Asker: 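Just passing along the structure, written as structure tokens.
Treat the numbers as computed from the prediction; the structure is a model and nothing was measured. For the single chain, residues carry numbers from 1 onward in sequence order.
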Amino acid sequence: SNYYDIGRDNQNTGFLSFYGNQSGANGYIFGGADGERIRIDSSGNVGIGTSSPNQKLEIFTDGSSSANPVINLRMNQGNSANGDNQAITFDFKPYSYSYYNRAASIGYVTENDWTSLSSSGWDGRLTFNVSTITNIGSADTLPTERMCINEEGNVGIGTSSPAVKAHIFNGSDSPNILFIQGADSSTENIFFGVETGKSTITAGGSSTTNNSLVFRTSNAGVETEAMRIDSSGNLLVGTTSNNKDITGASLRQAGDGYFTRNDTLLYLNRLTTDGELLRFSQAGNLEGNVEVSGATVSYNGFTGTHWSR
């Protein structure tokens, strides 16, 4: 026969039980005069607003807004930052263990001490917290905040007080703090970092990969390459090749350079006073210079005109 039990067991735990022949049954429906509200199907899936839940919990609504959200979580302000403000928690245990560890949580933290909150408002942040599980099968400390979004929309990674839209704090100097990969995850990539006295950008690669660092600009909405540092350390402007026969400029890692175009190659302009324009040295010793005095240009004190023989 079919019957229901509502009561408490010998452990003083309340229960609501449904008994009967479940062969071919579709589960249980909770509703009222205005229709179905909750369903538990024969697989144990719970549906709210749907009669055919496909997951353990599925919620459906025809529409929502900030004034009428699908899910609303409410918390009372605790007296500490992380532990008392975990709205959603994720517990995990390996297959052979009976104890669940607190692996992660999502919460909300106010920037003010709980005793100073007032009706005038407060600043806060949404926190994403993750644990380092060091003792499987027994209690660990609460999850540590790893990322947050504050009331200004700033995202912080490694910091609970992000000052800009994306703020990363590593805690130690490294050339590889931010790592970006494209489709080829095993070769080309780029790193951003900071070290003592310098900020670093690395066009990274692995194995035998050669990787350049390219700078692009937009002219009238058309984005094109403007400059690159190739894998040999040569600075190339207006060209993608370290080739003296191609239009462009190349300052080479070896210490020389190419300037190639079908026009004047080098402009030297001393702004006001007379004096030196160029200096020539060999083994650290000055061997000559080019100077300007008024309309006269001289090399090592010699003034002459261009002529041919």
Asker: Measure from the side-chain N and O atoms of S43 to the backbone N and O of N45, and report whether any donor-acceptor pair falls under 3.5 Å.
Answerer: no
Asker: Linking I/L/V/M/F/W/Y whenever any side-chain heavy atoms sit under 4.5 Å apart, do L73 and I149 land together?
Answerer: yes
Asker: Decide if atom CZ of R279 counts as having more than 12 heavy atoms of other residues, nucleotides or ligands within a radius under 6.0 Å.
Answerer: no
Asker: Find out whether T144 and T132 are in side-chain contact, i.e. whether some heavy atom of one side chain is under 4.5 Å from a heavy atom of the other.
Answerer: no
Asker: Does the side chain of L126 reach to within under 4.5 Å of the side chain of I106, using non-hydrogen atoms?
Answerer: yes
Asker: Quick one: does T239's side chain get under 4.5 Å of V237's, heavy atoms only?
Answerer: no
Asker: Taking atom types as modelled and ignoring hydrogens, do the side chains of S105 and N129 form a donor-acceptor contact shorter than 3.5 angstrom?
Answerer: yes
Asker: For the atom pair CZ (R270) and OG (S293), what is the distance rounded to the nearest 0.5 Å?
Answerer: 10.5 Å
Asker: Return the minimal non-hydrogen interatomic distance between S131 and R102, and the atom names on each side.
Answerer: OG-O, 2.8 Å
Asker: Between E223 and R216, does any side-chain N to carboxylate O distance fall below 4.0 Å?
Answerer: yes
Asker: Could you state whether I190 and M227 fall into the same hydrophobic cluster, counting links through intermediate Ile, Leu, Val, Met, Phe, Trp or Tyr residues with side-chain heavy atoms under 4.5 angstrom apart?
Answerer: yes
Asker: Just verifying a value: how many Å separate S241 OG and R228 CZ, rounded to the nearest 0.5 Å?
Answerer: 9.0 Å
Asker: Is F128 close to E145 at the side-chain level, that is, under 4.5 Å between some pair of heavy atoms?
Answerer: no
Asker: Would you say that F191 contacts I201 through its side chain, given a criterion of any heavy-atom pair below 4.5 Å between the two side chains?
Answerer: no
Asker: What distance separates H167 NE2 from N150 CG, expressed to the nearest 0.5 Å?
Answerer: 11.0 Å
Asker: Distance check, rounded to the nearest 0.5 Å: T202 atom OG1 versus N176 atom CG?
Answerer: 5.5 Å
Asker: In this structure, are over 12 heavy atoms from other groups packed under 6.0 Å from N262 atom CG?
Answerer: no
Asker: Indicate yes or no: at least one non-hydrogen side-chain atom of N211 is less than 4.5 angstrom from one of S231.
Answerer: no
Asker: Measure across N289 and Y299 and return the closest heavy-atom pair with its distance rounded to 0.1 Å.
Answerer: O-CD1, 3.1 Å
Asker: Are L268 and V297 connected in a single hydrophobic cluster, I mean Ile/Leu/Val/Met/Phe/Trp/Tyr linked by side-chain heavy atoms less than 4.5 Å apart?
Answerer: yes
Asker: Could you give me the CA-CA distance, side-chain angles and deciding distance for I157 and F169, then say whether side-chain contact (heavy atoms from CB on, under 4.5 Å) is met?
Answerer: CA-CA 6 Å; I157 299 177; F169 178 71; over 6 Å; no
Asker: Tell me, with the steps shown, if F259 and L251 meet side-chain contact (heavy atoms from CB on, under 4.5 Å).
Answerer: CA-CA 9 Å; F259 299 88; L251 295 179; 4.0 Å; yes
Asker: Might you point out which heavy atoms bring E276 and E291 nearest each other, and give the distance in Å?
Answerer: CA-CG, 3.9 Å
Asker: Just verifying a value: how many Å separate R39 CZ and S52 OG, rounded to the nearest 0.5 Å?
Answerer: 8.0 Å
Asker: Can you give me the closest heavy-atom contact between S281 and L286, atom names plus distance?
Answerer: OG-CA, 3.8 Å
Asker: Could you report the tightest heavy-atom contact between E36 and I29, atom names first, then the distance?
Answerer: CG-CG2, 3.5 Å
Asker: Are D91 and N101 close enough that some pair of their side-chain heavy atoms sits under 4.5 Å apart?
Answerer: no
Asker: Given the rule in the side-chain contact (heavy atoms from CB on, under 4.5 Å) test, do E58 and V46 qualify, once you have shown the distances and angles that lead to the verdict?
Answerer: CA-CA 6 Å; E58 185 171 331; V46 177; over 6 Å; no
Asker: To the nearest 0.5 Å, what is the distance between CZ on R146 and OG1 on T127?
Answerer: 12.0 Å
Asker: Do you know the tightest heavy-atom contact between V194 and T200?
Answerer: N-OG1, 4.1 Å
Asker: Look at K165 together with E152 and state whether they make a salt bridge at an N to O cut-off of under 4.0 Å.
Answerer: no
Asker: Assigning hydrophobic clusters by single linkage (Ile, Leu, Val, Met, Phe, Trp, Tyr; side-chain heavy-atom cutoff under 4.5 Å), is I71 placed with F60?
Answerer: no
Asker: Given side chains that start at C-beta, do those of L236 and N242 come closer than 4.5 Å, heavy atoms only?
Answerer: yes
Asker: List the steps, then state whether side-chain contact (heavy atoms from CB on, under 4.5 Å) holds for Y258 with N243.
Answerer: CA-CA 8 Å; Y258 301 144; N243 187 332; over 6 Å; no
Asker: Are the side chain of T264 and the backbone of L266 linked by a donor-acceptor contact shorter than 3.5 Å?
Answerer: no
Asker: Tell me whether V109 is reachable from V130 by hopping between hydrophobic residues (I, L, V, M, F, W, Y) whose side-chain heavy atoms are closer than 4.5 Å.
Answerer: no
Asker: Listed by chain and number, what are the side-chain hydrogen bond (donor to acceptor under 3.5 Å, both in side chains) partners of N219, not counting sequence neighbours?
Answerer: none
